[in-house]
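Everything below concerns the one structure shown next.
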Amino acid sequence: MQIYRLDALWDNYIFLLHDPESQTAAVVDPAELEPVMDKLRVLGARLTAIFNTHHHGDHVGANQALIEQYPDLVVYGGEGDRGRIPGQQVYLSDGDMVSFGGRAAQVFFVPGHTRAHIAYYFPPMGAEPWGELFCGDTLFAGGCGRLFEGTPAQMVDSLGKLRALPDQTRVWCAHEYTLSNLKFARTVDGDNPILIERLAEVETARRHHQATVPATLGLEKQTNPFLRWDQPALQATAHSAEPVQTFATIRAMKDRF
Ligand code: ZN
Ligand code: FE
């Protein structure tokens, strides 16, 4: 399975999964039609599935148009997004499995950004030691999604599920927010040398218009303040020793950043 990162809208990423053997493809969170159709044309592949993480317009924007192009494709989304994702046919819950191109992905229910948000995780297979995590707007490189429909406790639980995955996991998040996320992270975890080094690398990458996605989960665990609610430095910033309170305080600071 090949994964292609497509630019969409202002700072969204669409991920296109390609199975060269069957010449089929799937997309994660198609924000826009054109980048998907362009890539399918280049590959000569046929779209068979849409994997949506949540119902927001910048993640489902091209669902309807893609269904018109490929009437047989299957649209997957979270059980709780029933009625909110255009064309949805499969309603997924925590622990469900989906498959594409001979690989199976595990579904994680990760509410917080929205009440129905899900993530898809393909465990490592074959020679590649890393798994692939498609986490929409739940976990970002250096940050996490805003709490539009969920509570800090839910988000800590959701991020905790993702944090439990192996360090080598590649994190395919749906937005290029890394630079501003890490600039905020420095204000709450500024004595973290790994974070400072990462920020410098990301500044250089963005200056050269390079993408910072996928990130690696191991580095997220070391530098993302929204995965570090149990670290003394973050708890000191939040004036709390309690994980959910620490997370909530840091999240509220980011909302005002
Ligand atoms: Zn969203
Ligand atoms: Fe989004």
Side-chain angles (χ1 to χ4, degrees), residues 3-17 26-36 50-66 75-88 91-92 94 107-121 132-159 161-162 170-184 202 206 211-215 220 224 226-227 247-248 250-252 254-257:
I3 303 173
Y4 296 96
R5 183 191 58 237
L6 313 178
D7 295 323
L9 303 176
W10 179 248
D11 53 24
N12 276 80
Y13 289 130
I14 301 168
F15 303 113
L16 189 143
L17 319 183
V27 275
V28 180
D29 286 351
E32 280 188 296
L33 180 65
E34 208 173 86
V36 176
I50 295 174
F51 295 114
N52 286 126
T53 62
H54 66 297
H55 74 292
H56 284 160
D58 61 317
H59 299 255
V60 305
N63 274 27
Q64 209 56 62
L66 286 169
V75 181
Y76 298 83
E79 164 66 35
D81 268 333
R82 198 173 277 273
R84 303 205 294 185
I85 291 179
Q88 185 175 358
Y91 302 88
L92 299 167
D94 197 64
V107 173
F108 290 96
F109 178 49
V110 286
H113 176 65
T114 69
R115 60 178 164 77
H117 202 300
I118 59 171
Y120 301 87
Y121 173 65
E132 316 286 4
L133 174 66
F134 298 95
C135 49
D137 289 354
T138 295
L139 174 63
F140 290 128
C144 77
R146 274 177 191 266
L147 302 181
F148 285 121
E149 295 181 347
T151 65
Q154 275 179 322
M155 196 57 150
V156 166
D157 190 56
S158 296
L159 291 170
K161 289 181 193 176
L162 304 183
R170 296 201 292 185
V171 178
W172 301 88
C173 55
H175 289 271
E176 180 62 60
Y177 288 162
T178 317
L179 181 56
S180 63
N181 283 340
L182 292 178
K183 283 180 177 169
F184 167 75
V202 165
R206 294 307 294 153
T212 64
V213 175
E220 292 306 320
N224 186 328
F226 299 104
L227 295 181
F247 174 87
I250 304 290
R251 183 61 253 179
K254 176 68 165 66
D255 290 342
R256 296 189 300 267
F257 181 69

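Everything numeric here is computed off the predicted structure, so don't read it as measured data. Remember, it's 1-based here, ligands and their atoms both numbered in the order they're listed.
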Which atom, among the N/O/S set of [X], is closest to the Zn ion (ligand 1)?
| X | value |
| --- | --- |
| His54 | NE2 |
| Asp137 | OD2 |
| His56 | ND1 |

>> Between His117 and His56 (judged by ring centroids, cut-off 6.0 Å), do the two rings come close enough to count as a pair?
In response: no

>> Check for me whether the distance between the ring centres of Phe134 and Phe15 falls short of 6.0 Å.
In response: yes

N/O/S atom of [X] inside 2.8 Å of the Fe ion (ligand 2), strictly under:
| X | answer |
| --- | --- |
| His59 | yes |
| Asp58 | yes |
| His54 | no |

> Which atom, counting only N, O or S, brings His175 closest to the Fe ion (ligand 2)?
Replying inline: NE2

> Which single N/O/S atom of Asp137 lies at minimum distance from the Fe ion (ligand 2)?
Replying inline: OD2

>> Counting C-beta onward and ignoring hydrogens, is there a side-chain heavy-atom pair between Pro152 and Arg251 closer than 4.5 Å?
In response: no

> Yes or no on side-chain contact (heavy atoms from CB on, under 4.5 Å) for Tyr13 and Val28, after CA distance, side-chain angles and deciding distance?
Replying inline: CA-CA 9 Å; Tyr13 289 130; Val28 180; over 6 Å; no

> Hey, is CD on Glu34 packed in by over 12 heavy atoms from elsewhere, all under 6.0 Å?
Replying inline: no

>> Taking N, O or S atoms only and a limit of 2.8 Å, check whether His59 reaches the Zn ion (ligand 1).
In response: no

> Could you go step by step and tell me if Val171 and Val213 meet the side-chain contact (heavy atoms from CB on, under 4.5 Å) rule?
Replying inline: CA-CA 7 Å; Val171 178; Val213 175; over 6 Å; no

>> Exactly one of Val60, Asn12, Asn52 should register a side-chain contact (heavy atoms from CB on, under 4.5 Å) with Pro30. Which one does?
In response: Asn52

